[in-house]
Amino acid sequence: QVQLVESGGGLVQAGGSLRLSCVASGLTFSDYPMGWFRQAPGKEREFVATITRTSSYTDYGDSVKGRFAISRVNYKNTLYLQMNDLKPEDTAVYYCAAHSRRHGLTSRRLGDYATWGQGTQVTVSS
């Protein structure tokens, strides 16, 4: 059974930092591009960041570029999202996701990801 489990969310003041983790099981983690997405109340789920299998390439949504950093440690089956200079508009449930295709390319599209975690809440107070 493929499973992604996020952790690290919480309440933080504006300007603060958090690091999210996502531990994968039931799949060969190093075979899959991975991504982070988020969903704020009343809004659609949106792309945050993605990373290739070997960490050779990363891509970010415009609203987080320069503040967030995605990374992975394949031997730990773990994906990370370092979030700095957090803003109230970053408040959302954050989800990690595994691409639907082994050895696939990174993507910003939700439909290209087949496996999702349960999400972790991030709340940024002003």
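Keep in mind the model is a prediction, meaning the values are calculated, not measured.
- Screening residues 106-126 for ring-ring contact (aromatic ring centres under 6.0 Å, His included), with sequence neighbours left out, gives Phe37-Tyr113, Phe37-Trp116, His99-Tyr113.
- Separation of atoms CG (Leu4) and CG (Leu27) is listed at 6.5 Å; rounding is to 0.5 Å.
- Between Ser126 and Ala14, the closest heavy-atom pair is CA-CB, 4.3 Å.
- The hydrophobic clustering, which links ILVMFWY residues whose side-chain heavy atoms are closer than 4.5 Å, places Leu79 and Tyr75 apart.
- With respect to the salt-bridge test (charged N to carboxylate O, under 4.0 angstrom), the residues Asp90 and Lys87 do not qualify.
- Side-chain contact, Ser30 with Asn74: no donor N or O sits under 3.5 Å from an acceptor N or O.
- Proximity of Tyr94 to Met83: side-chain heavy atoms (C-beta onward) are separated by under 4.5 Å at one or more points.
- Separation of atoms NE2 (His103) and CG (Asp31) is listed at 3.5 Å; rounding is to 0.5 Å.
- Note: the hydrophobic cluster containing Phe68 does not contain Tyr80 (ILVMFWY, side chain heavy atoms under 4.5 Å, direct or indirect links).
- Side-chain N or O atoms of Thr50 include one that pairs as donor or acceptor with a backbone N or O of Met34 at under 3.5 Å.
- Ser100 places a side-chain N or O within 3.5 Å of a backbone atom of Asp112 that can act as its donor or acceptor partner.
- Side chain of Tyr60 to main chain of Phe47: no donor-acceptor pair is present (N/O by atom type, distance under 3.5 Å, no hydrogens or angles).
- Summarising the local packing, CG of Leu11 is surrounded by more than 12 heavy atoms from other residues, nucleotides or ligands at distances under 6.0 Å.
- Considering every non-hydrogen atom in both Ala92 and Ala40, the closest pair reads CB-N, 3.8 Å.
- Between Ile51 and Tyr57 the shortest side-chain heavy-atom distance does not fall below 4.5 Å.
- Side-chain contact of Ser17 with Arg67: a donor-acceptor pair under 3.5 Å is absent, judged by distance alone.
- Counting only residues at least two apart or on different chains, no ring-ring contact (aromatic ring centres under 6.0 Å, His included) pair has a member in residues 9-33.
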Run the side chain to side chain contact (heavy atoms under 4.5 Å, CB included) check on Val124 and Gln13 step by step: do they pass? CA-CA 5 Å; Val124 184; Gln13 289 188 332; over 6 Å; no
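- Distance check: Gln121 CD to Arg38 CZ gives 12.0 Å after rounding to the nearest 0.5 Å.
- Other residues, nucleotides and ligands place more than 12 heavy atoms under 6.0 Å from the NZ atom of Lys65.
- Arg53 contributes atom CZ, which lies 11.5 Å from atom OG1 of Thr106 (distance to the nearest 0.5 angstrom).
- For the ring-ring contact (aromatic ring centres under 6.0 Å, His included) test, no residue two or more places apart in sequence or in another chain qualifies with Tyr95.
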Full working for side chain to side chain contact (heavy atoms under 4.5 Å, CB included) between Thr120 and Leu20: CA-CA 8 Å; Thr120 185; Leu20 305 184; 4.0 Å; yes
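- Under the 4.5 Å side-chain heavy-atom criterion for ILVMFWY residues, no single connected hydrophobic cluster contains both Val122 and Val23.
- Counting only N and O atoms by type, the side chains of Thr91 and Glu89 include no donor and acceptor under 3.5 Å apart.
- A donor-acceptor pair under 3.5 Å is formed between the side chain of Glu6 and the backbone N or O of Cys96.
- Checking side-chain atoms of Arg108 against main-chain N and O of Asp59 turns up no donor-acceptor pair under 3.5 Å.
- Hydrophobic clustering keeps Leu81 apart from Leu110 (ILVMFWY residues linked when any side-chain heavy atoms are closer than 4.5 Å, directly or through intermediates).
- Residues Arg72 and Asn77 are not in side-chain contact: their nearest non-hydrogen atoms beyond the backbone lie 4.5 Å or more apart.
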